[in-house]
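Chain naming here is simple, since letters A, B, ... match the order of the sequence lines and numbering starts at 1 in each.
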There are 2 protein chains.
Amino acid sequence: MPDTFHVTAIGHVITGRTEPIDDEWDSVAASIVLDERFDAEALMGIDAFSHVEVIYLFHQVPDTEVESKARHPRGNTQWPRVGIFAQRGKGRPNRIGATIARIERVDGRTLHLTGLDAIDGTPVLDLKPVMKGFLPRGDVREPDWAAQIMTSYW
Amino acid sequence: MPDTFHVTAIGHVITGRTEPIDDEWDSVAASIVLDERFDAEALMGIDAFSHVEVIYLFHQVPDTEVESKARHPRGNTQWPRVGIFAQRGKGRPNRIGATIARIERVDGRTLHLTGLDAIDGTPVLDLKPVMKGFLPRGDVREPDWAAQIMTSYW
């Protein structure tokens with residue numbers, strides 16, 4: 001019984017990057033403009049937080065590139081073949097991305113960020129303030145490939 | 001132009017908690033069982049990570065409880081009125097939850113977790129391994145209410 005649901009973009013990403021390049025995301029500034037059905041009040045108080053988690057859609061990934069089993073991250077055979085839910089690649093069921101970005105400033109319905117790995121026009125599904133109580137509790141352990149893949153990411 | 005998309009549950013939460021109580025989520029174990037269209041391969045290698053981010057739906061929240069402007073977190077007037085995107089409450093547009101839980105073990109299509117704040121039957125939209133490179137960079141700043149709200153949460 002797979003349950004299907006509708007979600008609607010709450011806003012979109014505006015940035016100079018129009019192609020999903022793998023690395024160096026910090027080199028481009030990004031902002032999120034809330035859809036017109038919201039007003040500035042929906043962001044009220046977000047500037048008291050340093051970081052926001054952006055939940056978005058990898059909207060340009062075609063069905064044919066959605067993996068539901070396992071693959072090498074970035075197709076790199078030097079890294080182990082791992083399940084799609086053991087990696088963060090964009091070709092995944094539901095095509096959902098989740099990234100913690102730094103809040104630079106708020107201007108009406110526009111949130112200015114750095115460190116957002118999403119291309120221009122990306123539909124945003126949610127924004128959540130980063131609270132310390134929701135960060136990982138206890139030591140964070142990861143395999144070697146997970147550190148290697150991030151070397152030039154930001 | 002609000003863009004609307006379909007998302008489909010990749011699995012569901014199984015836990016002893018059937019009501020959305022605010023606090024003490026660590027007191028209940030939880031597991032996620034992948035939908036039958038997946039096989040165990042989709043989770044292959046996830047046990048090399050200590051934590052996983054679970055993206056899910058607050059499926060029991062009715063339309064009438066979805067806030068699109070601002071409100072006091074938990075309705076508590078001792079805390080400031082803040083925008084829905086400056087808090088993590090469940091009555092939010094698209095009803096998406098995102099929580100980092102600790103991976104206890106994997107058993108076929110079942111992922112056993114601690115520290116998941118979702119009730120029994122919750123539809124899961126995605127699972128992402130927690131990589132250090134995706135945690136907040138720089139100091140994390142939050143308002144006082146955000147620390148207070150977490151006092152008894154786990």
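Looking at B:Asp139, only its backbone comes within 4.5 Å of chain A, counting heavy atoms on both sides. In this structure, chain B has no heavy atom under 4.5 Å from any part of A:Leu111. Interface residue B:Leu57: only side-chain heavy atoms are found under 4.5 Å from chain A. If you measure heavy-atom distances from A:Tyr153 to chain B, the contacts under 4.5 Å come from the side chain alone. Residue A:Arg137 touches chain B through both its backbone and its side chain, counting heavy-atom pairs closer than 4.5 Å. If you measure heavy-atom distances from A:Leu34 to chain B, the contacts under 4.5 Å come from the side chain alone. For A:Asp26, the part lying near chain B is the side chain, with the backbone staying farther off; criterion is any non-hydrogen pair under 4.5 Å.
Contacts with chain A were tallied for B:Asn94, B:Leu135, B:Leu125, B:Val82; B:Asn94 has the most, counting heavy-atom pairs under 4.5 Å. Across A:Pro136, A:Ala146, A:Pro123, A:Ala70, the residue that shares the most heavy-atom pairs under 4.5 angstrom with chain B is A:Pro136. Between chain B and the options A:Gly45, A:Ser50, A:Gly11, the largest number of non-hydrogen pairs under 4.5 Å is found for A:Ser50. Chain A forms the most heavy-atom pairs under 4.5 Å with one residue out of B:Gln87, B:Met150, B:Glu36, B:Lys69, and that residue is B:Lys69.
Taking B:Lys132 as the reference, nothing meets the salt bridge (charged side-chain N to carboxylate O under 4.0 Å, His left out) condition, with sequence neighbours excluded.
Closest heavy-atom contact between B:Pro93 and A:Phe38: CG-CE2, 3.7 Å.
Atom CZ of residue B:Arg141 and atom CG of residue A:Asp47 lie 7.5 Å apart, to the nearest 0.5 angstrom. Between atom NZ of residue A:Lys128 and atom CZ of residue B:Arg92 there is a gap of 4.0 Å, rounded to the nearest 0.5 Å. Atoms OG and CG, on B:Ser68 and A:Asp39 in that order, are 7.5 Å from each other to the nearest 0.5 Å. Distance check: A:Asp35 CG to B:Asp3 CG gives 8.5 Å after rounding to the nearest 0.5 Å. Residue A:Ile55 holds its CD1 atom at 6.0 Å from CD of B:Glu53, rounded to the nearest 0.5 Å.
The aromatic rings of A:Trp145 and B:Phe49 stand perpendicular to each other, their planes meeting at an angle above 60°, with 30° marking the opposite boundary.
A heavy-atom distance below 4.5 Å is found between the side chains of B:Phe85 and A:Asp126.
Using a cutoff of 4.0 Å between basic side-chain nitrogens and carboxylate oxygens, B:Arg81 and A:Glu41 are scored as salt-bridged.
At least one donor-acceptor pair closer than 3.5 Å links the side chain of B:Trp154 to the backbone N or O of A:Gly133.
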